[in-house]
Amino acid sequence: MKIFKLLILFFISSLVVTSPVSANQDITIKDIHNFISTTPTLQEVEGAIVKLKNLVAEDSSNYVTYEMLALLYEYTKQYDEALKELLLAAKYFPQNSSEGDIFYSNLARAYINLARFDEAKPVIDKALICNPDNLFNRMHLLSYYIAKDMYKEAARELKAMSGLNKEKDYYYHFYVYSSGSLHKAGPNVIKLFQEGVKANPKNNMAHRVLAIALRDYSTNIKKDFPRVIAELNKALKLNQKYLYTYISFGDTYMFMSLETGKKAYLKKSLRWFNRAYKLEPKNVKLAYAMGHFFVNTGKYDKAIDKFEYVRANGDSSEAVIDGLVCAYNNKADAYYKTGENLDQGLETIDKALKLRPNDGMLFTTKAQLLYKMQRYTEAHEYIKKAIAIYPRNPVILQDFDTIKKALDGQAK
């Protein structure tokens with residue numbers, strides 16, 4: 001069997017075990033989840049494990065204690081230990097419990113974390129017998145099918161999940177988490193979502209994600225472009241109010257412009273983003289996509305506005321910060337290239353440095369601005385910081401020589 005990266009770790013923080021805890025117990029499952037949410041140190045986790053081990057010594061038949069230990073071991077990525085604790089818990093877990101789907105889900109995840117898919121399968125089956133509508137267990141089963149290259153079965157599972165919650169785009173959700181996990185990612189991702197369309201041909205989300213897979217993993221985007229657009233058109237025909245299809249159109253035309261250098265694609269891209277904007281002008285994901293569009297078209301103020309809007313609405317992820325830093329840096333670089341309003345250029349790059357205080361490329365941009373302002377001593381300090389991070393970057397090394405010569409000349 002091929003070895004895969006873990007597909008299901010994303011769901012660990014979302015899964016809450018609700019098993020009952022005896023009244024005389026000092027620690028509860030909820031306490032463990034709250035404890036993990038504080039991002040404890042390894043030493044703190046070890047202390048909690050010792051406390052739980054003492055509880056096991058007092059009462060070895062309480063399966064909940066083993067479950068809590070498993071959560072802590074999973075947090076520290078000691079997956080073998082987590083599985084051992086859950087197998088101990090299984091000895092005492094009441095077979096008629098209403099929490100069977102959750103317990104077996106945790107056990108299945110323990111096997112999946114170790115890529116022991118054959119052992120996970122019967123446990124997943126048990127969990128689904130307890131509750132066939134439990135989406136986490138559906139995701140476990142999907143992971144099993146992917147690991148076994150059973151793409152038709154995986155596609156049927158995606159269809160079943162979509163039937164349980166028609167508002168959630170499980171096709172795109174799984175695309176994001178499977179793209180870096182599948183063996184020979186490109187061909188297998190495309191194969192999976194081709195089967196997804198066959199299994200669920202009237203689902204607009206399935207067609208949209210197949211288009212994204214074809215686009216992202218194409219070896220010849222110019223050749224495959226008509227097919228990508230055809231799938232997006234099918235998605236649009238099935239649901240003309242689904243915002244993310246419009247965003248995918250905008251992204252695809254933008255990518256084609258970057259690939260071919262043709263500005264006509266940018267006009268089409270903006271047209272699709274504007275259509276999306278009319279549907280949901282306040283949508284955060286749309287603002288994020290348009291932020292990248294404006295970066296790529298050199299409209300940095302608009303890009304900054306979009307990324308700042310995303311942050312203001314609760315998304316301060318690394319991807320958003322990256323986009324914002326890129327926009328600030330490019331704007332500052334534009335001041336450097338024109339040689340005008342260099343003070344504003346410094347203010348702009350300082351905003352980027354507040355977000356990424358140890359970014360070597362930002363140090364370089366600031367050094368260049370200071371050099372052009374003939375503030376050679378300060379420029380020299382920043383270019384040295386950049387070299388400390390990127391000691392072999394030829395552009396930074398050349399800037400260092402230029403600034404050093406200017407500084408030496410000023411001293412003479």
Side-chain angles (χ1 to χ4, degrees), residues 2 4-7 10 139 142-143 145-147 149 151 154-155 158 162 168-201 203-236 238-239 242-262 265-266 268-270 272-273 276 283 285-297 310 315 317-320 322-323 326:
K2 302 181 182 76
F4 296 83
K5 293 181 182 177
L6 306 177
L7 305 183
F10 169 76
M139 185 61 77
L142 182 56
S143 297
Y145 287 139
I146 294 297
D149 289 344
Y151 297 112
L158 276 170
S162 294
K168 190 169 180 63
D169 191 343
Y170 287 104
Y171 288 91
Y172 185 72
H173 181 81
F174 197 74
Y175 172 77
V176 171
Y177 290 98
S178 67
S179 296
S181 307
L182 290 171
H183 183 69
K184 296 182 181 177
N188 285 359
V189 171
I190 292 172
K191 189 184 298 183
L192 169 62
F193 291 106
Q194 282 175 331
E195 293 295 338
V197 165
K198 290 178 185 177
N200 205 0
N203 186 292
N204 65 293
M205 300 173 188
H207 286 284
R208 171 183 170 249
V209 171
L210 175 56
I212 293 172
L214 290 168
R215 180 194 71 196
D216 291 354
Y217 288 101
S218 172
T219 56
N220 187 342
I221 187 60
K222 294 178 184 178
K223 179 183 176 182
D224 294 334
F225 181 68
R227 189 180 173 196
V228 174
I229 295 299
E231 289 298 332
L232 288 175
N233 279 321
K234 288 177 186 177
L236 187 65
L238 288 165
N239 187 344
Y242 193 62
L243 175 78
Y244 300 108
T245 302
Y246 293 84
I247 294 175
S248 293
F249 267 114
D251 283 341
T252 300
Y253 279 110
M254 181 178 68
F255 294 158
M256 277 299 290
S257 176
L258 295 173
E259 183 72 19
T260 63
K262 295 181 179 179
Y265 286 122
L266 285 179
K268 290 184 178 180
S269 176
L270 183 59
W272 281 103
F273 283 132
N283 186 280
K285 293 188 183 299
L286 172 60
Y288 175 77
M290 293 187 76
H292 282 290
F293 173 83
F294 287 129
V295 166
N296 285 310
T297 53
V310 175
D315 186 352
S317 63
E318 290 297 305
V320 174
D322 286 343
C326 180

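Numbering of residues begins at 1 and proceeds along the displayed sequence. Just so you know, these numbers use all the heavy atoms, side chains as well, and skip hydrogens, waters and symmetry mates. All values derive from a computational prediction rather than experimental measurement.
With hydrogens and angles disregarded, no donor-acceptor distance shorter than 3.5 Å links the side chain of Asn200 to the backbone of Gly196. Between the side chain of His207 and the backbone N or O of Pro201, at least one donor-acceptor pair lies under 3.5 Å.
Listed by chain and residue number, Tyr244 satisfy the ring-ring contact (aromatic ring centres under 6.0 Å, His included) test with Tyr242 (two or more places apart in sequence, or in another chain). For Ala319, the side chain to side chain contact (heavy atoms under 4.5 Å, CB included) criterion is met by Tyr288, Ser317, not counting sequence neighbours. Residues satisfying the ring-ring contact (aromatic ring centres under 6.0 Å, His included) test with Tyr171, not counting sequence neighbours, are none. Here Tyr170 pairs with nothing under the ring-ring contact (aromatic ring centres under 6.0 Å, His included) rule; sequence neighbours left out. Considering only residues two or more places apart in sequence or on other chains, Asp315 meets the salt bridge (Lys or Arg N to Asp or Glu O under 4.0 Å) condition with none of them. Residues meeting the ring-ring contact (aromatic ring centres under 6.0 Å, His included) test with Phe294, sequence neighbours left out: none.
We find the CG-CE distance between Leu270 and Met254 to be 11.5 Å, quoted to the nearest 0.5 Å.
Between Tyr246 and Leu236 the shortest side-chain heavy-atom distance falls below 4.5 Å. Looking only at side-chain heavy atoms (C-beta outward), Asp224 and Arg215 stay at 4.5 Å or farther from each other. With a 4.5 Å cut-off on side-chain heavy atoms, Ile212 and Tyr175 count as touching. Between Leu266 and Phe293 there is a side-chain heavy-atom pair separated by less than 4.5 Å. With a 4.5 Å cut-off on side-chain heavy atoms, Leu214 and Ile190 count as touching.
Separation of the Phe193 and Tyr217 ring centroids does not fall under the 6.0 Å cut-off.
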Verdict with supporting geometry, Ile229 and Tyr253, side chain to side chain contact (heavy atoms under 4.5 Å, CB included): CA-CA 9 Å; Ile229 295 299; Tyr253 279 110; 3.9 Å; yes
